[in-house]
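Working notes for the structure below.
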Amino acid sequence: MKIDVLVVAEKPGVAKAFAEFLSNGRIRVEKIGGVPVRFFERNGEVWASIGVSGHLMDYDFPEEFNSWRSVDPRQLFFIKPKQKIRKSSWKYVKALQILGKQAKEVILALDADVEGESIAFEVIKILRGVNPGIRFKRAWFNAVTKQDILRAVEKFREPDPKMANKAFARMQVDLTIGAAFTRALTLLVEKKAPKIFPRGKFISYGPCQTPVLYLVVKRALEREKFKKKKLYTLEATALIEGKKLKLAYAKGPLEKKEEALKILKAIRDEKVGVIKLAEYRHREVLPPEPLNTIELERRASRFLNIRSKEALDIAEDLYQNGLISYPRTETTIYPPTIDVNKIAKGFGQHSEYGSYVRIHLIPRMPISPRQGNEDDKAHPPIHPVKPASRNFIVKKFGIKAWKLYDLIVRHFLATLSRESVIENQRIVVDIGGYEFKIDGLKIVREGFYKIYPFGKPGERILPYVLEGDLVEIKSIRLVERETKPPPFLSEAEVLKLMKKYGIGTDATMQDHIHTNIQRKYFTIKNKRCIPTNLGLALATTLHSIVPEIVEPEVRGKMEAELVRIAKGEKQPEEVVEFIKDNFLKYYDKLVSNSHVLAEKLVEALRQVYWSKESKKI
DNA sequence: GCAAGGTC
């Protein structure tokens with residue numbers, strides 16, 4: 001096998017795109033060690049293109065440090081983890097070695113971000129091992145389009161070790177901190193209650209998973225602390241334009257019952273009210289912004305009751321089967337290379353969306369879609385790439401996949417649709433010198449809601465009246481209400497907060513939620529995150545001893561340090577040591593207070609794993 | 001058996 005140039009991409013789809021855009025269309029696909037490789041000719045040279053499916057290497061401690069029982073977790077802060085090939089990556093490594101032996105030149109076509117750059121250096125390490133003289137070039141592209149890819153191979157970059165080192169530093173500190181705290185917590189508990197853990201279970205800490213838990217627990221504690229209060233309000237039933245409407249005292253509920261009674265007494269016998277204000281305001285509601293990963297997950301949770309982890313799994317499946325675009329993206333701007341009008345037209349004969357597309361979209365084409373303002377410079381917003389019938393998707397992928405596909409298609413069509421117009425209505429009636437009000441809502445123009453019912457507001461249409469009109473008052477009564485505690489955090493809110501604090505990346509946020517569920521720290525019921533006693537015990541005890549490792553800002557602070565490596569302000573070793581130093585202090589503080597911690601955790605673990613209640617979880 | 005980040 002003779003190869004001149006080897007293209008290495010992060011995923012098979014990109015490797016395929018490189019082959020297609022750089023060849024004259026004649027591509028031979030051959031499997032090498034089970035990995036598809038695309039061969040083609042370019043400028044009289046033989047090219048091969050391969051996708052490696054993410055990272056090839058991982059950090060791990062030297063063998064002798066991986067015995068939990070015989071190593072003091074504190075020692076982990078003082079050793080340097082080593083890079084190792086991942087078990088699941090061996091097939092790619094072998095294919096790279098076979099191809100790399102022959103090649104003169106390698107084009108590093110990894111994603112244009114810090115992780116992609118670090119994967120590039122993993123590839124370099126592997127290929128130098130088999131072919132020391134090989135030349136490396138970095139192709140930098142911001143979209144997987146012909147234009148971007150051709151431009152990338154016209155003008156190469158140098159691989160940037162600073163970017164890669166940021167990712168490598170993150171991997172090292174995450175492993176060290178995670179392993180040290182996880183082992184310490186687990187051993188601590190085991191020492192006190194030797195057989196407390198079922199096989200394969202342990203207590204974990206992580207700089208993403210634990211702050212997520214804390215957010216959930218914090219809300220649960222607010223609920224516990226919440227004290228109900230009684231509130232009193234007055235409700236007047238009025239006959240307005242033949243409609244019986246219930247108006248509430250405009251100044252809102254009162255805390256003192258006597259005050260409410262006083263007003264009631266003063267106006268009890270009023271039979272007529274005067275319309276003080278009649279307001280009907282039109283408001284435009286724009287279509288949703290194009291869909292990125294987080295929004296897909298949030299909407300799947302809110303509107304379809306599908307958890308974020310499952311939503312991304314399903315989306316991945318739909319993507320692999322060519323039905324939707326790449327599902328891991330931050331972007332909310334359609335790039336000019338994607339012909340949204342053409343894609344929409346493709347749904348013109350679809351049994352679910354066809355008539356909407358024909359009546360509401362095609363006549364207005366070409367349409368400029370709604371755009372957001374986020375761009376990860378790597379992937380477009382999530383959109384359908386091929387129309388498929390309900391029947392086909394349900395049969396092949398199941399009903400949930402259909403629901404998700406349906407959401408994605410409708411969302412896409414909504415971004416091409418007209419805005420909706422809503423009329424916010426308000427009527428205020430004066431009854432014996434006291435004001436009572438009612439709010440209404442009318443959808444004046446359905447707009448995008450016609451195709452996108454998700455989040456469509458409910459209507460309550462008030463009659464049209466004018467100020468000064470008189471209305472009949474049927475009755476006035478005192479209504480007693482209780483204040484309600486805030487609800488548990490919804491999964492959609494958790495995702496939003498993770499984004500706000502920079503916990504995890506768009507592709508991993510659902511993982512961190514999932515980890516907490518797996519570890520039995522919280523459950524999700526009816527879209528809401530409810531901590532278990534174990535989750536409550538873990539988050540509250542950790543927080544009482546070392547709040548620094550639990551609070552949602554932890555990850556952001558680490559990121560702020562790590563970014564200095566990529567900027568060239570600090571050496572990677574310097575930053576790794578700095579972060580490890582800080583966490584070693586937290587570690588010592590935690591361990592010196594471990595008596596309380598162990599006791600509480602053991603108690604909670606008994607409940608979660610060994611009580612009758614645990615069967616339900 | 002640890003984490004979080006890629007991707008399948």
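The basis for the numbers below is simple: all heavy atoms, side chains too, and nothing from hydrogens, waters or symmetry mates. Quick caveat, the model's predicted, so the values are computed rather than measured.
- Residues passing the side-chain contact (heavy atoms from CB on, under 4.5 Å) test with A/Asp506, sequence neighbours excluded: A/Thr293, A/Ile294, A/Glu330.
- To the nearest angstrom, C1' of B/dC8 lies 10 Å from OH of A/Tyr319.
- Each of A/Lys580, A/Lys82, A/Lys80, A/Gln83 was evaluated against A/Gln172; a single residue qualifies, A/Lys80, per the side-chain hydrogen bond (donor to acceptor under 3.5 Å, both in side chains) test.
- Within the 4.0 angstrom heavy-atom criterion, no nucleotide atom of any strand lies near A/Asp317.
- Annotation: of the two residues near DNA chain B, A/Ile177 and A/Gly54, the 5′-most nearest-nucleotide partner is A/Ile177.
- Nucleotides of DNA chain B nearest to A/Ala179 and A/Gln510 differ in position, and the one nearer the 5' end is that of A/Ala179.
- Taking 4.0 Å as the cut-off between side-chain N and carboxylate O, A/Glu295 and A/Arg298 count as a salt-bridged pair.
- The aromatic ring centroids of A/Phe77 and A/Phe583 lie 6.0 Å or more from each other.
- Nucleotide B/dG6 holds its C1' atom 11 Å from the CG atom of A/Asp511, rounded to whole Å.
- Atom pair A/Gln518:CD and B/dG1:P shows a separation of 15 Å (rounding to whole Å applied).
- A close approach under 4.0 Å does not occur between any side-chain nitrogen or oxygen of A/Tyr92 and OP1 or OP2 of B/dT7.
- A/Thr505 has a side-chain polar atom (N or O) that falls below the 4.0 Å cut-off from OP1 or OP2 of B/dG6.
- Note on ring orientation: taking the six-membered ring where Trp is involved, the planes of A/His383 and A/Tyr334 are perpendicular (angle over 60°, cut-offs 30° and 60°).
- Remark: A/Tyr92 OH to A/Ser53 OG distance equals 3.0 Å, nearest 0.5 Å.
- Distance CG (A/Leu318) to P (B/dC8): 14 Å, rounded to an integer number of Å.
- Regarding A/Asp111, its CG atom lies at a distance of 6 Å from the P atom of B/dT7, rounded to whole Å.
- Regarding A/Asp506, its CG atom lies at a distance of 11 Å from the C1' atom of B/dG6, rounded to whole Å.
- Looking at A/Asp60, its side chain comes within 3.5 Å of the base of B/dC2 through a donor and an acceptor atom.
- Using a 4.0 Å heavy-atom distance criterion, A/Gly504 is classed as a sugar-phosphate-only contact.
- Under the 4.0 Å criterion applied to side-chain N and carboxylate O atoms, A/Lys400 and A/Asp317 are not assigned as salt-bridge partners.
- Between A/Phe141 and A/Phe18, a ring centre-to-centre spacing shorter than 6.0 Å is recorded.
- Of the residues in residues 548-564 of chain A, those placing a heavy atom less than 4.0 Å from an atom of DNA chain B are A/Arg555, in numerical order.
- Residues A/Glu493 and A/Ser490 have side chains that bring a donor and an acceptor to within less than 3.5 angstrom of each other.
- When each of B/dA4, B/dC2, B/dC8 is scored by its nearest atom to the side-chain atoms of A/Arg170, the top-ranked nucleotide is B/dA4.
- When heavy atoms are screened at a 4.0 angstrom cut-off, A/Phe65 is found touching no nucleic acid atom at all.
- Using a 4.0 Å cut-off on heavy atoms, the residues of residues 182-209 of chain A that approach DNA chain B are A/Thr182, A/Arg183, A/Thr186, A/Lys201, A/Phe202, A/Ser204, A/Tyr205, A/Gly206, A/Pro207, A/Cys208, A/Gln209, listed by number.
- Atom CZ of A/Arg519 and atom P of B/dC2 are 6 Å apart (whole Å).
- Separating the CZ atom of A/Arg328 from the C1' atom of B/dA4 is a distance of 15 Å, rounded to the nearest angstrom.
- Of the options A/Glu561, A/Glu559, A/Glu117, a salt bridge (charged side-chain N to carboxylate O under 4.0 Å, His left out) to A/Lys166 is made by A/Glu559 and by none of the others.
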